[in-house]
Amino acid sequence: MLPAAFFARPALELAPDLLGLVLLHERDGLAVAGRIVEVEAYCGPNDLAAHSAGGRRTARNEVMYGPAGRAYVYFIYGMHWCVNVVAARRGVPEAVLLRAIEPVAGLEQMRARRGPHVHDASLGRGPGNLTRALAIDRAQNDADLRRGALRLLRPSRRAGLATPSTADVVRSPRIGVAYAGEWAARPWRFSLRGNASVSHPPRDA
DNA sequence: GAATAGATTGTCT
DNA sequence: GACAATCTATTCT
């Protein structure tokens with residue numbers, strides 16, 4: 001189990017360390033899992049791109065103000081769910097958006113959820129697709145990601161997964177936040193260089 | 001390959 | 001009533 005201290009750090013620090021971790025969702029006795037390959041940090045009241053910009057606190061983003069290591073799940077564009085990992089300490093509303101996973105287990109389930117025409121590498125490519133492949137919705141909001149049906153795991157060497165080196169991590173501007181002015185340009189998106197499951201691949205990757 | 005439009009609803013002003 | 005931390009198909013170039 002990942003220690004609580006792993007999550008209780010600034011989102012900007014936690015974000016790159018989430019790359020390579022495995023996100024697992026167990027439902028109906030079936031395990032579906034993917035390796036995180038793309039994330040974005042949302043850094044509290046000062047970050048105009050964050051739901052907590054200006055210290056905004058509503059029923060929707062309440063989980064961002066809670067303890068680190070919980071899932072913040074929200075609905076967007078009338079049809080997609082997005083999942084974040086809450087960072088920092090209580091009262092500090094920071095989170096890391098999980099934007100893409102590379103399928104690791106439960107491929108058949110993911111294919112069934114995504115439809116017949118989706119390439120395996122794209123099953124969890126993009127935040128909306130990730131939640132669909134892993135069957136994450138409002139029921140997982142505030143779930144403890146250290147334990148439980150939806151949880152984060154260290155990569156297992158046995159499964160052939162390795163912890164990425166810092167040289168494999170690409171920083172780039174966040175996606176879909178053009179309205180946030182100067183904050184939109186900050187390189188607070190982290191992805192694994194050249195990975196086929198990364199959405200909107202940075203040019204140098 | 002890039003740009004555009006349409007889908008569709010929870011959330012907040 | 002406006003808009004959103006998106007995705008897909010379609011229509012350009």
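Here is the naming used below: chain letters follow the sequence lines, and residue numbers restart at 1 for every chain.
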> So, A:Y42 versus A:H51, ring centres under 6.0 angstrom or not?
Replying inline: no
>> When both hydrogen-bonding distances must be under 3.5 Å and the geometry is Watson-Crick or G-U wobble, what is C:dA5 paired with, if anything?
In response: none
> How close or far is atom C1' of B:dA2 from atom NE2 of A:H200, stated in whole angstroms?
Replying inline: 13 Å
> What string of B, S and - do you get for nucleotides 6-13 of chain B, 5' to 3', when a contact is any protein heavy atom under 4.0 Å?
Replying inline: -BBBSSS-
> Which part of the nucleic acid does A:R189 contact within heavy-atom distance under 4.0 Å: base, sugar-phosphate only, or nothing?
Replying inline: nothing
> Do the side-chain N or O atoms of A:Y72 get closer than 4.0 angstrom to the phosphate oxygens (OP1, OP2) of C:dA5?
Replying inline: no
> Hey, any chance A:V96 and A:V83 share a hydrophobic cluster, counting ILVMFWY side chains that come within less than 4.5 Å of each other, even indirectly?
Replying inline: yes
> A:L48 CG to C:dA4 C1': how many Å, rounded?
Replying inline: 16 Å
> When you check the side-chain N and O atoms of A:R57 and A:S52, is any donor under 3.5 Å from an acceptor?
Replying inline: no
> Across the strands shown, which category fits A:N84 at heavy-atom distances under 4.0 angstrom: base, sugar-phosphate, nothing?
Replying inline: base
> Does the side chain of A:N61 pick up a donor-acceptor pair with the side chain of A:R56 at under 3.5 Å?
Replying inline: no
> Of the non-hydrogen atoms in A:L134 and A:H25, which two are nearest, and what is the gap between them?
Replying inline: O-ND1, 2.6 Å
>> Expressed as a whole number of angstroms, how long is the span from A:L97:CG to C:dT6:P?
In response: 7 Å
> So which nucleotide does B:dT8 pair with, by the Watson-Crick or G-U wobble rule with both distances under 3.5 Å?
Replying inline: none
> Could you give the OH-to-C1' distance, from A:Y74 to C:dA5, as a whole number of Å?
Replying inline: 3 Å
> Where is the tightest heavy-atom contact between A:R125 and A:A100, given as atom of each residue plus distance?
Replying inline: CA-CB, 4.2 Å
